[in-house]
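Computed from a prediction, not measured in an experiment: that's the story for all the values here. In what follows, every chain begins at residue 1, and chains take the letters A, B, ... in the order their sequences are listed.
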There are 2 protein chains.
Amino acid sequence: MNDKVTIKTIAKIANVSHTTVSRALNDSPLVKEKTKKEIRDIAERLNYSPNLNAKALVEHRSFIIAVYFTDLNSGTSPSFMSEMLHQIKEMLPAGYEIAVDSFAGLRRAKQSINLRFDGALVVSQSVSDDMYIDQLAKTGKPVVVLNRKIDRDDLFNYASDDYSGTVTAIEYLLRMGHRKLGIISGKEEFTSSQNRLAGFLDTLQKHNITRNDNWVATGDYSVQSGYNAMEKILNSGDLPTCMFVSNDDMAMGAMRACEDYGFSIPEQISFMGFDDSAYSNYCIPRLTTIRKPVREITNNGIKTLNSLINNESPETVQAMNIKPSLVVRESVKKIN
Amino acid sequence: MNDKVTIKTIAKIANVSHTTVSRALNDSPLVKEKTKKEIRDIAERLNYSPNLNAKALVEHRSFIIAVYFTDLNSGTSPSFMSEMLHQIKEMLPAGYEIAVDSFAGLRRAKQSINLRFDGALVVSQSVSDDMYIDQLAKTGKPVVVLNRKIDRDDLFNYASDDYSGTVTAIEYLLRMGHRKLGIISGKEEFTSSQNRLAGFLDTLQKHNITRNDNWVATGDYSVQSGYNAMEKILNSGDLPTCMFVSNDDMAMGAMRACEDYGFSIPEQISFMGFDDSAYSNYCIPRLTTIRKPVREITNNGIKTLNSLINNESPETVQAMNIKPSLVVRESVKKIN
DNA sequence: TTGAAAGCGCTAACAG
DNA sequence: CTGTTAGCGCTTTCAA
């Protein structure tokens with residue numbers, strides 16, 4: 001019940017004006033050290049804690065960083081989200097809170113974004129986020145968009161170059177002798193799915209490999225959807241020698257399906273994932289995959305947002321499309 | 001830059017006082033329908049959005065729900081956290097924001113909790129959280145503690161009965177003919193680890209089975225730690241016929257170790273996990289485990305918090321220790 | 001049904 | 001170095 005302790009309470013006890021208390025507590029050079037110390041002591045003794053709403057009202061900032069995901073529910077892998085939140089919280093100046101929200105949630109509740117934030121970090125998956133990103137941008141407050149390359153140059157934007165990552169993946173598979181390649185792609189409306197699919201298709205074409213439509217399936221990035229998609233492919237008769245799966249979660253489901261249908265990995269079918277999730281080094285067999293540069297994206301984003309909030313010009317570049325890297329493990333067999 | 005639109009702006013245009021605008025926007029019965037509509041229209045046209053800081057200051061509430069985890073970094077499984085956040089956000093009344101934070105973070109930064117929240121949801125793993133829970137309780141605001149049974153009866157508290165869940169698990173293993181049982185337990189300071197270990201030890205004792213210290217190892221709930229712990233056990237010479245692993249993540253690591261050392265599961269070593277994580281139904285073999293009632297815990301917690309915030313008395317009971325259930329899959333073999 | 005005035009707790013001129 | 005005064009945008013008496 002100590003929310004009744006205000007700077008005036010302290011002022012009365014210290015026999016000074018509440019202004020002096022405010023200054024002392026904010027470590028203003030305008031207050032004598034001795035007075036400061038007295039005031040701080042009283043504040044501590046009374047367990048004073050400033051009313052952030054009042055402070056926010058007058059300072060025109062709220063000490064809140066908004067973190068928006070496309071969807072809290074599906075599509076954003078839990079480990080990505082959890083790593084993200086941890087990083088953000090870790091790198092933010094003390095006193096800042098992070099408010100987690102999702103565009104999908106806003107849409108469902110027909111709400112519009114609220115204006116109580118000093119900066120926004122958007123973890124975007126889909127072009128459908130653009131209208132919200134635009135609303136955020138219109139507030140004039142710092143906005144950094146992560147994860148997906150956006151089509152505007154007035155915002156800071158750090159993403160993973162999924163297209164080039166996929167090209168790397170497929171060219172590796174070709175080098176390993178595979179020509180019969182299949183794909184399970186992710187949520188169709190997600191930019192990452194589109195880029196990964198395009199990388200796959202373009203690379204096949206470049207190497208004059210005709211694709212087999214029986215080996216093309218679509219999931220939604222969930223483990224179960226990978227299972228279902230693979231089941232469909234396995235039932236289609238003619239089999240690929242290798243599957244490129246748009247994320248590790250679906251790859252895990254797909255490999256499970258192979259196991260259930262009696263196909264051995266990588267002897268009969270090889271697998272290439274995407275993301276390098278925490279589990280990909282422990283599944284059976286260990287999954288060869290493309291490492292998405294999550295850490296780099298996040299760090300850049302937060303550093304930039306921090307500078308922006310403090311009105312400094314960020315040290316990093318405005319936009320970055322970071323190249324993922326190949327992680328070779330056990331799920332791709334060299335053939336011929 | 002429309003943050004300059006205030007109720008006074010609207011008042012001027014509508015030719016009424018700002019008081020009336022405030023009332024209209026809050027749908028007060030004191031305002032004539034016609035006036036209300038006019039005002040609402042103007043507000044919409046001007047893209048008005050209330051200054052939540054001002055509102056919060058005068059109403060003595062902030063429209064923020066604090067969500068505290070023990071640690072954002074380790075121990076809390078990402079899928080648990082992500083499901084939690086999604087549920088919370090989904091069930092909260094429109095207009096509320098969730099501020100995500102961790103006690104570990106507070107400790108590291110030597111910060112104390114800030115008072116800007118209308119209610120707090122604590123996802124607690126460790127008794128070391130108690131001092132912070134106490135600080136939260138002292139604010140007099142609604143606090144609901146989830147996940148871990150706490151030692152006080154003035155707060156609402158919903159947890160999983162890990163002890164009884166483990167007893168269920170071990171008795172099942174005994175029924176399957178296993179007598180040579182090992183365990184990999186989790187973070188020692190976590191209550192869940194302690195309860196799961198105690199359930200294991202007590203059940204063995206109850207059935208007069210002497211435990212083999214070579215088969216007792218400790219991890220930290222991470223996949224890698226499960227791998228390391230299992231490696232140690234495999235190297236100890238004499239082997240158990242079955243391992244109880246304190247969570248599914250570590251079980252996945254431990255099974256990986258068996259694979260690497262050439263032991264087949266469940267033929268040579270059986271595995272029982274805990275949690276029923278999203279991956280446990282897809283790993284090879286599918287993991288037999290104990291389903292932690294995450295959904296139930298969360299739902300109860302949020303419902304209660306909602307009532308508390310609205311000054312209603314919650315429909316649910318004050319404390320609940322929900323029993324987990326056995327999920328039989330493929331990783332435990334019946335022997336003899 | 002409306003408006004005038006006060007005040008939430010804080011910071012920021014301005015004056016001493 | 002310190003205090004007086006005003007005001008942030010909103011809700012809420014109280015009076016009309």
Taking [atom1] from [X] and [atom2] from [N], how many angstroms apart are they, rounded to a whole number?
X     : N      : atom1 : atom2 : value
A/I7  : C/dA12 : CD1   : P     : 11 Å
A/E59 : C/dC10 : CD    : C1'   : 8 Å
A/K34 : D/dT2  : NZ    : P     : 9 Å
A/N51 : C/dG9  : CG    : C1'   : 5 Å
A/N53 : C/dC10 : CG    : P     : 10 Å
B/R23 : D/dT11 : CZ    : P     : 11 Å
B/H18 : C/dG7  : NE2   : P     : 14 Å
B/L52 : D/dC10 : CG    : C1'   : 11 Å

On the nucleotide [N], are OP1 or OP2 found under 4.0 Å from the side-chain N or O atoms that [X] carries?
X     : N      : result
B/Y48 : D/dC10 : yes
B/T6  : D/dG9  : no
B/T19 : C/dA5  : no
A/T20 : D/dC1  : no
A/K55 : C/dG9  : no

Side chain B/S22 and base D/dT12 donor-acceptor under 3.5 Å: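 It does not, because no donor-acceptor pair links the side chain of B/S22 to the base of D/dT12 below 3.5 Å.
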
N/O donor-acceptor pair, side chain A/H60 with base C/dT11, under 3.5 angstrom: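 Answer no: no donor N or O sits under 3.5 Å from an acceptor.
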
From [options], nucleotide with atom closest to [X] side chain:
X     : options               : answer
A/V31 : C/dG9, C/dC10, D/dT2  : D/dT2
B/V58 : D/dG9, C/dC10, C/dC14 : D/dG9
B/A54 : C/dC10, D/dC10, D/dG3 : D/dC10

Contact nearer the 5' end of DNA chain C, comparing A/K8 with B/K36: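 By nearest-heavy-atom nucleotide position, the 5'-most residue is B/K36.
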
Residue mapping more 5' on DNA chain C - nearest nucleotide basis, B/L57 or B/S17: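 This one resolves to B/S17.
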
Test ring pair (Phe, Tyr, Trp, His ring centres under 6.0 Å) applied to B/F69 and B/F103, step by step: CA-CA 6 Å; B/F69 291 92; B/F103 294 141; 9.5 Å; no

Flag if over 12 foreign heavy atoms under 6.0 Å of CD, A/E44: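 Counting neighbours around CD of A/E44, 12 or fewer heavy atoms of other residues, nucleotides or ligands fall under 6.0 Å, so no.
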
A/R295 atom CZ: more than 12 heavy-atom contacts under 6.0 Å: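 Check fails, neighbour count at 12 or below.
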
Distance-only polar pair, side chains of B/S128 and B/E189, donor-acceptor under 3.5 Å: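 No pair is found: no donor N or O on one side chain lies under 3.5 Å from an acceptor on the other.
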
Between A/N147 and A/S124: side-chain donor-acceptor atoms closer than 3.5 Å: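 Their side chains do not contain a donor-acceptor pair, so the 3.5 Å distance test is not met.
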
